[in-house]
Amino acid sequence: MIHIEGLWAGYGGLDILRGVELHVEQGSINCIVGPNGAGKSTVLMTISGLLRPRRGSIVIDGVDLAGKSPAAILHAGVVQVPQRQGLFAKLTVRQNVLMGAYIHRRRRKHLEQRYDRLAERFPLLSERPDLPAGALSGGQRRTVEFARALMLDPKVMLLDEPTLGLDPLSLAVIRDSVHAIHSDGVTVLMVEQNVRFGLALADRATVMSAGEVALAGTAEEIRDKPNLMDVFFGAAPRARPAAPDRP
Ligand SMILES: Nc1ncnc2c1ncn2[C@@H]1O[C@H](COP(=O)(O)OP(=O)(O)OP(=O)(O)O)[C@@H](O)[C@H]1O
Ligand SMILES: [Mg+2]
């Protein structure tokens with residue numbers, strides 16, 4: 001489905017991604033984990049075309065989309081839910097979700113059918129359509145963001161840190177939502193700071209460190225790697241040496 005090879009990308013004169021390789025199979029849930037600044041969000045931004053890669057290929061359904069515009073990538077069926085997004089607090093759940101398909105706003109009937117179909121997957125959409133988004137819990141807000149992205153009927157959803165800033169109770173809401181996306185036939189590529197949560201949810205996982213892929217495999221294999229925590233806290237390239245003891 002997505003095959004990334006030799007991907008280099010960065011900001012200004014600085015290379016952040018240095019030869020990233022990533023393979024995502026159709027219909028799977030994939031999770032990228034790694035310490036802060038590892039380049040996880042940069043991978044998603046590069047796939048969705050918000051950042052132009054310097055080198056490498058991003059083949060989606062057999063077509064190399066590296067360097068294409070965000071509109072072209074959206075058209076190819078890839079939708080991103082960024083790390084910090086937000087809803088219109090004064091608009092209702094329904095209005096926020098419908099915003100996702102603003103480009104199809106003239107096709108009212110189509111939009112309503114799509115909303116109703118999503119409401120079968122996400123009960124919040126049928127139970128509280130008129131609730132202002134400002135009154136939702138963190139987990140519910142995320143659900144509305146996901147549903148909004150699904151209005152465009154994507155093949156692939158890129159989720160950046162879906163659990164960021166949420167309380168433990170909301171984790172179950174996110175888990176259910178990701179399962180709902182997945183059971184709709186959408187391939188999921190997510191980035192997650194909560195390693196335990198991400199690896200429990202995913203089929204396959206990639207561990208990134210300092211702009212490179214440190215490990216990749218099934219989520220189970222990655223969970224069982226004894227040196228996983230080294231990537232985060234031990235032999236990480238960014239770790240500072242301890243200050244010498246004063247005499
Ligand atoms: N717009 C930008 N301009 C310049 N540098 C950036 C920009 N965005 C990110 N960076 C730098 O690129 C590196 C990788 O950032 P990125 O956001 O991809 O990491 P991340 O793995 O998603 O981290 P986090 O867990 O904190 O979200 C970091 O050193 C960051 O400071
Ligand atoms: Mg990030």
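Values in this document were obtained by computation on a predicted structure and should not be read as measured data.
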key: Q193 and T163 side chains, donor-acceptor separation under 3.5 Å   =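 No - no donor-acceptor pair under 3.5 Å links their side chains.
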
ask   = Between M45 and Y11, is a side-chain contact (heavy atoms from CB on, under 4.5 Å) present by the stated rule, with each step listed?
value = CA-CA 12 Å; M45 298 249 296; Y11 307 95; 4.1 Å; yes

Count the heavy atoms of every other residue, nucleotide or ligand shown that sit under 6.0 Å from [atom1] of [X], and state whether that count exceeds 12.
X    : atom1 : result
R18  : CZ    : yes
H75  : NE2   : no
E220 : CD    : no
E112 : CD    : yes

Any sub-3.5 Å donor-acceptor pair from [X]'s side-chain atoms to [Y]'s backbone N or O?
X    : Y    : result
Q95  : T92  : yes
T187 : G27  : yes
N96  : F88  : yes
S170 : L166 : no
R141 : L136 : yes
E5   : G56  : no
Q113 : H110 : no
D64  : A66  : yes
R204 : N30  : no

I'd like to check [X] versus [Y] (side-chain heavy atoms, cut-off strictly below 4.5 Å). Are they in contact?
X    : Y    : result
T218 : R223 : no
F197 : I174 : yes
L189 : I47  : yes
V173 : R142 : no
L150 : V186 : yes
V33  : C31  : yes
F122 : D176 : no
V213 : L22  : no

Interatomic distance, [X] atom [atom1] to [Y] atom [atom2] [nearest 0.5 angstrom]:
X    : Y    : atom1 : atom2 : value
T46  : I16  : OG1   : CD1   : 10.0 Å
I32  : T206 : CD1   : OG1   : 6.0 Å
N194 : E192 : CG    : CD    : 5.5 Å
I181 : L118 : CD1   : CG    : 10.0 Å
E127 : L125 : CD    : CG    : 10.0 Å
D167 : S137 : CG    : OG    : 7.5 Å

Measure across [X] and [Y] and return the closest heavy-atom pair with its distance rounded to 0.1 Å.
X    : Y    : value
L152 : A101 : CD2-CA, 4.1 Å
I4   : V20  : CG2-O, 3.7 Å
L7   : P53  : CD1-CB, 3.5 Å
D184 : R121 : OD1-NE, 3.0 Å
L44  : L158 : O-CD1, 3.8 Å
G217 : I222 : N-CD1, 3.7 Å

Residues R117 and E120 bridged, charged N to O under 4.0 Å =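 So R117 does not pair with E120 through a salt bridge.
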
ask   = Between K40 and D160, is there a side-chain N and carboxylate O pair less than 4.0 Å apart?
value =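 Here K40 does not pair with D160 in a salt bridge, since their nearest N and O are not under 4.0 Å apart.
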
Would you say [X] and [Y] are hydrophobically clustered, going by side-chain heavy atoms of ILVMFWY under 4.5 Å?
X    : Y    : result
V59  : L51  : no
L171 : L159 : yes
V156 : V63  : yes
I60  : L50  : yes
M1   : I73  : yes

ask   = Is the cationic atom of R94 (NZ for Lys, CZ for Arg) positioned less than 6.0 Å from the six-membered ring centroid of Y115 and within 45 degrees of its normal?
value =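 Geometry flag: set, cation within 6.0 Å and 45°.
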
query = For W8, is the NZ or CZ atom of R55 found under 6.0 angstrom from the centre of its six-membered ring and inside 45 degrees of the ring axis?
reply =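 Yes, R55 lies over the aromatic ring of W8.
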
inquiry  = According to side chain to side chain donor-acceptor pair (under 3.5 Å), who are the partners of K155, at least two apart in sequence or on a separate chain?
reply    =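 Side chain to side chain donor-acceptor pair (under 3.5 Å) check on K155 returns D61.
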
inquiry  = Checking side chain to side chain contact (heavy atoms under 4.5 Å, CB included) between R148 and each of L98, T143, L87, V93, which is the one that passes?
reply    =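 The passing option is L87.
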
Test ring-ring contact (aromatic ring centres under 6.0 Å, His included) applied to H23 - qualifying residues, sequence neighbours left out =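 Expected list: H3.
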
